[in-house]
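Have a look at the structure below before the remarks.
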Amino acid sequence: MRLKILSAVMMLLAFSGLSAKEPVKPTSITTMTFNIRYGTADDGTNSWFYRARGVIDMINDQKPDIIGMQEVLHEQMALLKDYLSYKCVGVGREDGKKGGEHMCIFYNPKTVKIVKWGTYWLSETPDKPSLGWDGACKRTATWALVKHKDSGRLFYFVNTHLDHVGVQARKNGLSLILDNIGTMNKEGYPLILSGDFNVTPDDETLAPLAGKLRSARDWAVKTDEGATYNAWGHKDKESVIDHIFVTGFSSCPLFEVIRKPYDDHKFISDHHPVKATLIF
């Protein structure tokens with residue numbers, strides 16, 4: 001009798017196109033946001049010259065599929081591309097070419113492919129290099145439509161760095177990003193918004209995200225409540241200002257602030273790398 005029942009189950013699976021030996025596996029990707037600190041900053045023994053090897057070692061160790069980086073100067077971007085098996089897109093905020101901070105998206109070409117990408121300015125004139133509202137600096141967002149190679153799944157990735165001074169620049173900049181997400185993602189693909197937002201999770205700047213994107217930190221099954229800005233070890237200045245927001249994924253098993261030292265450096269930036277594992 002048990003053999004007949006088993007045979008019947010196998011036949012049903014076969015007719016339904018499923019195999020008992022090949023269950024459907026969830027597809028996961030690992031993403032990261034990381035403010036690497038300007039290469040021209042005079043940070044003494046924490047200057048880029050001393051930290052660069054540690055940043056490279058961290059990426060090779062953590063192996064994220066896709067990373068949103070902030071405060072990347074052209075020379076830093078070129079060095080990372082030379083020493084990593086990752087590719088990169090992004091332009092300088094000052095001139096749309098090589099000048100100033102690049103809102104970089106680094107990605108592993110073995111696991112994901114950039115289908116198309118672009119950069120816009122967080123200002124009243126987003127199509128050209130420009131300063132927005134009460135901002136202290138020109139700010140940008142770089143977006144990409146990404147294909148996960150193994151599964152063929154498509155998703156959007158957006159990386160940004162909101163202003164550290166201008167309250168209206170932060171609010172209006174994020175509003176512009178959300179408007180652009182709504183315009184470009186008509187298909188409703190899964191989406192990741194990463195960056196240094198220069199505000200803590202309870203700041204009203206982030207209120208418009210409610211009902212649209214969720215914090216990977218809050219959603220993760222296993223999460224990390226620690227600070228993301230480490231201020232080179234000054235505990236009184238630590239805060240949570242680097243975020244990963246997502247929509248369209250089925251779950252987030254892990255959210256982690258990477259505090260591991262690399263190349264004998266306790267801090268490889270004044271921000272810790274922030275990592276999340278996402279399931280389609």
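Model, not experiment: these values are computed from the prediction.
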Could you tell me if the side chain of [Y] sits less than 4.5 Å from the side chain of [X], heavy atoms only?
{"X": "Phe197", "Y": "Leu206", "result": "yes"}
{"X": "Val246", "Y": "Leu213", "result": "no"}
{"X": "Val158", "Y": "Ser194", "result": "no"}
{"X": "Leu80", "Y": "Tyr86", "result": "no"}
{"X": "Val274", "Y": "Phe255", "result": "yes"}
{"X": "Tyr156", "Y": "Pro190", "result": "no"}
{"X": "Thr33", "Y": "Ile67", "result": "no"}
{"X": "Ile114", "Y": "Lys87", "result": "no"}

Quick one: do [X] and [Y] end up in the same hydrophobic cluster if we chain Ile, Leu, Val, Met, Phe, Trp and Tyr together by side-chain heavy atoms under 4.5 Å apart?
{"X": "Tyr38", "Y": "Val72", "result": "no"}
{"X": "Trp232", "Y": "Met58", "result": "no"}
{"X": "Tyr189", "Y": "Val112", "result": "no"}
{"X": "Trp143", "Y": "Leu154", "result": "yes"}
{"X": "Ile244", "Y": "Phe34", "result": "no"}

From [X] atom [atom1] to [Y] atom [atom2], the distance as rounded to the nearest 0.5 Å:
{"X": "Thr183", "Y": "Leu178", "atom1": "OG1", "atom2": "CG", "answer": "11.0 Å"}
{"X": "Ile192", "Y": "Ile66", "atom1": "CD1", "atom2": "CD1", "answer": "6.5 Å"}
{"X": "Asn159", "Y": "Leu193", "atom1": "CG", "atom2": "CG", "answer": "8.5 Å"}
{"X": "Leu278", "Y": "Ser28", "atom1": "CG", "atom2": "OG", "answer": "9.0 Å"}
{"X": "Leu122", "Y": "Ser175", "atom1": "CG", "atom2": "OG", "answer": "10.5 Å"}
{"X": "Ser251", "Y": "Phe280", "atom1": "OG", "atom2": "CZ", "answer": "11.5 Å"}

Exercise. If you look at every heavy atom in Lys237 and Tyr229, which pair is closest and at what distance?
Worked result: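 Taking Lys237 first and Tyr229 second, the nearest heavy atoms are O-CD2, 3.4 Å.
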For this session: Determine the minimum heavy-atom distance between Ser269 and Asn35, stating which atoms define it.
Result: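 Smallest interatomic distance, heavy atoms only, reads OG-O, 2.6 Å.
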Problem set entry | Ser123 (side chain) donor-acceptor with Gly132 (main chain) under 3.5 angstrom |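 Such a contact is absent between Ser123 side chain and Gly132 backbone.
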Consider only side-chain N and O atoms of [X] and [Y], and report whether a donor and an acceptor are under 3.5 Å apart.
{"X": "Asn230", "Y": "Glu238", "value": "no"}
{"X": "Tyr262", "Y": "Asp61", "value": "yes"}
{"X": "His271", "Y": "Arg37", "value": "no"}
{"X": "Ser239", "Y": "Thr200", "value": "no"}
{"X": "His161", "Y": "Asp196", "value": "yes"}
{"X": "Thr119", "Y": "Thr142", "value": "yes"}
{"X": "Asp65", "Y": "Asn108", "value": "no"}

For this session: Taking salt bridge (charged side-chain N to carboxylate O under 4.0 Å, His left out) as the test, write out the residues that go with Lys275, two or more places apart.
Result: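 Here no residue qualifies.
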Exercise. Quick one: ring pair (Phe, Tyr, Trp, His ring centres under 6.0 Å) partners of Phe157, sequence neighbours excluded?
Worked result: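 Applying ring pair (Phe, Tyr, Trp, His ring centres under 6.0 Å) to Phe157 gives none.
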Exercise. Which of these, His272, Arg217, Arg259, sits in a side-chain hydrogen bond (donor to acceptor under 3.5 Å, both in side chains) with Asp224?
Worked result: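 Testing each of His272, Arg217, Arg259 against Asp224, the sole residue satisfying side-chain hydrogen bond (donor to acceptor under 3.5 Å, both in side chains) is Arg259.
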Exercise. Near Asp202 CG, under 6.0 Å, is it more than 12 heavy atoms from other residues, nucleotides or ligands?
Worked result: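 More than 12 within 6.0 Å, yes.
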For this session: Dump the intermediate steps for salt bridge (Lys or Arg N to Asp or Glu O under 4.0 Å) on Asp57 and Arg53, then the final yes or no.
Result: CA-CA 6 Å; Asp57 289 349; Arg53 180 75 254 174; 3.1 Å; yes
Problem set entry | Salt-bridge criterion met for Asp163 and Arg170 (N-O under 4.0 Å) |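 Salt bridge between Asp163 and Arg170, a charged N being under 4.0 Å from a carboxylate O: no.
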Exercise. So, Glu256 and Lys222, do they make that salt bridge, N to O below 4.0 Å?
Worked result: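 No.
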Problem set entry | Derivation and outcome, salt bridge (Lys or Arg N to Asp or Glu O under 4.0 Å), residues Lys138 and Glu101 | CA-CA 9 Å; Lys138 293 175 184 175; Glu101 177 188 30; over 6 Å; no
